[in-house]
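Only this structure's heavy atoms are used, side chains among them; waters, hydrogens and symmetry mates stay out. Naming convention: chains lettered A, B, ... in sequence-line order (proteins, then strands); numbering from 1 in each chain.
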Amino acid sequence: MTIPPSKRKPHPPDPHPLAGRKKPQTPDAMTQDIYARIRAEVLAALRSIVPDLPDDIAARVEVTPNRDPAHGDMATNAAMVSAKAARQAPAKIAAGLVAWLGEAPDIAEASAAGPGFVNIRLDPSAYRSLLPVILRAGESYGDSKTGAGIKVNVEYVSANPTGPMHIGHCRGAVVGDALANLMAKAGFAVTKEYYINDAGAQVAALAWAAYWRYLQAIGTTLSEEEFSNEVPGGLQYRGEYLIPVGTELARLHGTALATHDLGIAAPDTWIDRVRDFTIDAMMKEVRVDLAQLGVRQDIFSSERALVASGAADTTIDRMAADGLIYEGVLEPPKGKTPDDWEPRPQTLFRSTQFGDDVDRPLRKSDGSNTYFANDIAYHADKIDRGYDMLIDVLGADHGGYVARMRAAVKALSGGKTKFEAVLCQIVHIMKGGVPVRMSKRAGSYVTLSDLLDEVGKDAVRFTMLTRNADAQMEFDLDKALAQTRDNPVFYVQYAHARCRSVLRAAAESLSAEAVTDAALADAKLDSLEAEAELTLMRRLAAWPRTAEAAALAREPHRIAFFLYDLASDFHMLWNRGKDDATLRFLQQDRPEETLARLALVAATAVTIRSGLAVMGVTPVEEMR
RNA sequence: GCGCCCUUAGCUCAGUUGGAUAGAGCAACAGCCUUCUAAGCUGUGGGUCGGUGGUUCGAAUCCACCAGGGCGCGCCA
C-alpha cells in the first residue's frame, strides 16, 4: 500500500498539494458526489452559526457514511471539530446544525447524537435523483477533478529482460496499471511507464546463457559444465526459454560466432550482438505477456539507451556541480559487517542531506555506474519531462531503496517533484491447498503466461487487487476459478451479468429503445422505496468518494472491495424476487415500476463497469 | 545491531485516514429452497484489534516502549 503520510517516519514526504482537500467543489463532482453536496450544506449551516469559522477548521469538517443505518445515512463531525474555535459546546452547535439542516433540500431528518455528531437521513428522492446522473455519466461515473491535472508518472513492472515474466512481476504489473487508471479517474494526468533494466551484469549473464544455447544449436561438443566454467560468474539462466533464441542465432549467424571447432569465441566478437538480440527477444515476450494481462504502457525507457546517451554521466556531473557528490569511505553497517568488508573510497551522493540514512555510492570500483546512479539519471530524465509526481511500483525487496530515491528526486528537482513508492509484497501461489514452488535457478517457475492460461486475465487482475499491495498474498488457483460467493471475481462478474440479463429480458418484453441507459434516465423513480433498493442506491452514491479516496491513498484494492459490496447489495435485492415474485425487476402489468427498477439495475451495471474499468477487468454480459 | 513494513473472529482479510455497539467471506451451528432470477437463501454464535503506557471529547487508527513475523542494510538489480 501507499504508506499513509502520517505513518511515514522518519522522513514524511511533502504532502500532496491536494491531500488535505477532501471534497472537491467542482460542479460535476458536486452533482455526482452526494456526500460533497451535503457537506456544502453542512458548511453553510456551520458558517451561519460560527460566522468567523477558520478555514483550517472548515477543512476538517467531514460528512461520512454511517455504518449503522439506524443512525441515518450519513453523519458529520462539524459540531465537534468547530467547538473549540467557536467557544461553544458541541451539543449546542449540533442543535443549531440540526435546526438548519432540517430545512435543507434532500435532507429528510437531522438529529444530534453521541458526543456531538449530527446524523443526517436523506430524503429517498435524493438517492433516486442520482440514478439519471449515473446513467448519463456512464463509465465516467466517479470521475473527479481531485488530481487537478497534476502530471504523474507511474512506473511499474520494470523487470530485468532476462526471461519470461513470472508471478513476481505480475502483482506489480496489475497494481501499477490499476493505480494509474485510478489516478487518471481522479483527474491526474497519468503516464504509464516501463523501465527496461537492460544494462549491467544481469544482461551480460543473459548473453552468455543465450550464447550457450547458440553453441548447442550449432552442435558444440562442450558440456554444460565445461561451458559454465568459462563463464564469468558461471552460467545462469538455464531455463529452456532461451533454446529458441539460440536456434535463431544459429540460423542468422551460422557458426560465425563460435571458434572453428564450435567452442567459445572471444566475447568481444559476439557478446554485443548476442546480448542485443536476446534482450530484444525477451522484450518481445514481455510485451506479449503484458498485452495478455491487459497492460499497455505509454512509454518504454531503456537503461542501456540512457547510459549510451551519456545521460547518466551528465547527471552525475550536474550533481557534482551542485555539490551533491564527494569521494568518501562509508562505515560498515553496524552489527552486520560483510565478510569481505574493507574501507574503500567511493563516489558518494549526499543523500543524508535529503533524509536518507547513509550516503549512497554512485560508482563501482571498476569505475562503472551503480544501478542507483543510472536510476538517478532515469528519474532526472522523468523530472525533466515535466512530471509533478513520480510513483515507482516496486517489489517489497526494494523497500530499502525508497529513501535514497526519494532523496535523489528531492535533490534533483529542488524539492519540486514528489516521489512516492508503492511496495508490492510476495505472492504465494496455491493449488489444491499446497504452495506451488518456484525456482528461478532451476528454470522451472510459474510464468505469467502459464497463470493466464490457467485462470485468465480477468481473474488474475481482480484477484491481485483483493489485497492491499503491501500485504503478503496467497493466490489460490482453485478459488480464482470457483463459481461461489467467496470468489469475488465471480461474484462481481455475476452481478453484472445478472444486470445485463434483466435488461436483455426487458428489451424483449418492452423494446430495445425503452431500456437504453439514456431512456431509463428519464424514468419516473418514485416507486423505488424498498429498503434493499435504498441500500443499493446508497452504495452507488458512495462510488465517487470511494474512487477518490482510493486514488489519494494510492490503494487500488479498495475498488475490488467496493465492487464486492456493491455486488452483494445487488444480489440481495435479486434474491428477494426468489420468494416473492412481485419483487422481481420485471412486472408485466406495472410498467412504471418496472422502468424504475430497470433504471436502478442499469445504474448498478454502469457503476460496476466503472469500477472494473479501473481494475482493467472486462465486465461479462453473461456467465457460462 | 540499525531502518522500513506487518500483527484485527478458528481461517483469509476489510476497516471510509481520529468517530458512535470493530465488519465481510469461509468454516461452525440452526432453519429454509430442489427452483428456471442455476451456479443457493435466512438467521445464530464467535473479538483483551499482539502487549503495556501515553496523547484527547473520542484510539484498531497517532506517539513511546516491548513481543512475534517479513524485507533490506558498500561495487545485485
Side-chain angles (χ1 to χ4, degrees), chain A residues 1 3-10 19 22 35 62 64-68 71 75 77 80 83-84 89-90 113-117 119 158-160 162 197 199-203 303 329-338 341-344 346 348 357-372 374-375 395-403 423 425-426 466-468 470-474 476 479 482-488 490-491 494 498 501-502 505 542 545-546 549-550 552-553 557-558 561-562 564-565 568 571-572 574-579 581 584-586 623:
Chain A
M1 71 173 185
I3 305 136
S6 54
K7 279 193 188 168
R8 282 203 197 95
K9 296 283 155 39
K22 289 182 187 160
Y35 292 89
E62 289 184 327
T64 54
N66 279 335
R67 284 196 201 107
D68 187 348
H71 290 140
N77 60 355
M80 286 175 291
K84 205 169 266 180
F117 286 102
N119 286 325
S158 300
N160 271 330
T162 53
N197 293 145
Q202 294 307 310
V203 288
E303 180 182 1
V329 179
L330 286 177
E331 297 284 315
K334 291 188 176 58
K336 188 197 174 239
T337 306
W341 177 269
E342 54 183 86
R344 200 176 280 140
Q346 291 174 296
L348 298 170
D357 298 323
V358 292
D359 292 335
R360 305 290 180 175
L362 298 178
R363 292 224 164 88
K364 305 179 191 176
S365 55
D366 67 0
S368 65
N369 294 338
T370 59
Y371 174 80
F372 180 48
N374 289 346
D375 211 13
D397 54 343
H398 288 61
Y401 189 72
V402 173
L423 298 180
Q425 290 283 353
I426 297 283
T466 53
R467 291 279 177 281
N468 191 321
D470 198 31
Q472 288 185 26
M473 175 166 100
E474 269 184 21
D476 189 325
K479 193 173 144 184
Q483 302 208 330
T484 60
R485 177 169 190 169
D486 64 322
N487 177 10
F490 164 77
Y491 200 60
Y494 190 30
R498 275 182 158 172
S501 159
V502 171
R545 73 191 304 279
T546 302
L552 290 178
H557 76 283
R558 293 191 193 185
F561 282 91
F562 172 82
Y564 184 84
D565 290 340
S568 177
H571 286 308
M572 198 161 295
W574 173 288
N575 287 331
R576 287 170 5 119
K578 277 184 150 182
D579 299 332
R584 297 185 180 187
F585 299 113
L586 303 179
M623 305 303 287

Polar-atom pairs under 3.5 Å, protein N or O versus N or O of nucleotides 9-12 of chain B: list them with distances, or write none.
residue: B/U12; atom: O2'; partner: A/Arg467; partner atom: NH2; Å: 2.5

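With sequence neighbours excluded, the residues forming a side chain to side chain contact (heavy atoms under 4.5 Å, CB included) with A/Asn66 are A/His71, A/Ala75, A/Asn119, listed by chain and number. Evaluation of the side chain to side chain donor-acceptor pair (under 3.5 Å) rule for A/Arg498 yields A/Tyr494, A/His571 as partners, not counting sequence neighbours. Applying the side chain to side chain contact (heavy atoms under 4.5 Å, CB included) test to A/Gln483 and every residue at least two apart in sequence or in another chain returns A/Phe490. Shown here are the side chain to side chain donor-acceptor pair (under 3.5 Å) partners of A/Gln425, two or more places apart in sequence or in another chain: there are none. In terms of the salt bridge (Lys or Arg N to Asp or Glu O under 4.0 Å) criterion, residue partners of A/Asp565 (sequence neighbours excluded) are, by chain and number, A/Arg539. Looking at residues two or more places apart in sequence or on another chain, you find a side chain to side chain contact (heavy atoms under 4.5 Å, CB included) between A/Phe372 and A/Phe349, A/Arg360, A/Leu362, A/Thr370, A/Ile376, A/Tyr401, A/Arg404, A/Met405, A/Ala408. Under the side chain to side chain donor-acceptor pair (under 3.5 Å) criterion, A/Arg485 pairs with A/Tyr491, A/Ser568, not counting sequence neighbours. With sequence neighbours excluded, the residues forming a side chain to side chain contact (heavy atoms under 4.5 Å, CB included) with A/Asp486 are A/Lys479, A/Thr484, listed by chain and number. Applying the side chain to side chain donor-acceptor pair (under 3.5 Å) rule to A/Asp359 yields the partners A/Tyr326, A/Thr352; only residues at least two apart in sequence or on another chain are considered.
Across all strands, A/Gln483 comes closer than 4.0 Å to base atoms (heavy-atom distances). At the heavy-atom level, A/Asp375 lies nowhere under 4.0 Å from the strands shown. At a threshold of 4.0 angstrom between heavy atoms, the contacts of A/Ala113 include nucleobase atoms, whether or not backbone atoms are also involved. No contact: A/Arg360 has no heavy atom under 4.0 Å from any strand. Among the atoms of the strands shown, base atoms are found under 4.0 Å from some heavy atom of A/Ala75. Contacts of A/Tyr494 with the nucleic acid, taken as non-hydrogen atoms under 4.0 Å apart, include base atoms. A/Pro361 comes within contact range of the sugar-phosphate backbone alone, with a heavy-atom separation under 4.0 Å but no base atom that close.
A stacked arrangement is not assigned to A/Tyr401 and the six-membered base ring of B/G72, the conditions of a centre distance below 5.5 Å and an interplanar angle below 30° not being jointly met. For A/His398 and B/G72, the ring-to-base geometry does not satisfy the stacking test (centroid distance below 5.5 Å, interplanar angle below 30°).
The NE2-P distance, from A/His71 to B/G19, rounds to 15 Å in whole Å. One can place NE2 of A/His557 at 12 Å from P of B/C6, the figure rounded to the nearest angstrom. The CG atom of A/Leu330 sits 14 Å away from the P atom of B/C73 (whole-angstrom rounding). The distance from atom CZ of A/Phe372 to atom P of B/G74 is 14 Å, rounded to the nearest whole Å.
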(request) Can you check each nucleotide of nucleotides 22-33 of chain B against protein heavy atoms at under 4.0 Å and return B for base, S for sugar-phosphate only, - for none, in 5' to 3' order? (result) --SSS-------
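Judged by distance alone, the side chain of A/Asn369 and the main-chain N or O of A/Asn374 form no donor-acceptor pair under 3.5 Å. Between the side chain of A/Ser368 and the main chain of A/Lys364, no donor-acceptor pair closer than 3.5 Å is present.
Taking 4.0 angstrom as the limit, A/Lys578 places none of its side-chain polar atoms (N or O) nearer than this to OP1 or OP2 of B/U34.
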(request) Dot-bracket notation for RNA chain B is requested: 5' to 3', Watson-Crick or G-U wobble pairs only, both distances under 3.5 Å, with ( ), [ ], | and . as defined. (result) (((((((..((((.....[...)))).(((((.......))))).....(((((..]....))))))))))))....
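Inspection of the A/Gln202 and A/Asn160 side chains reveals no N or O donor paired with an N or O acceptor under 3.5 Å.
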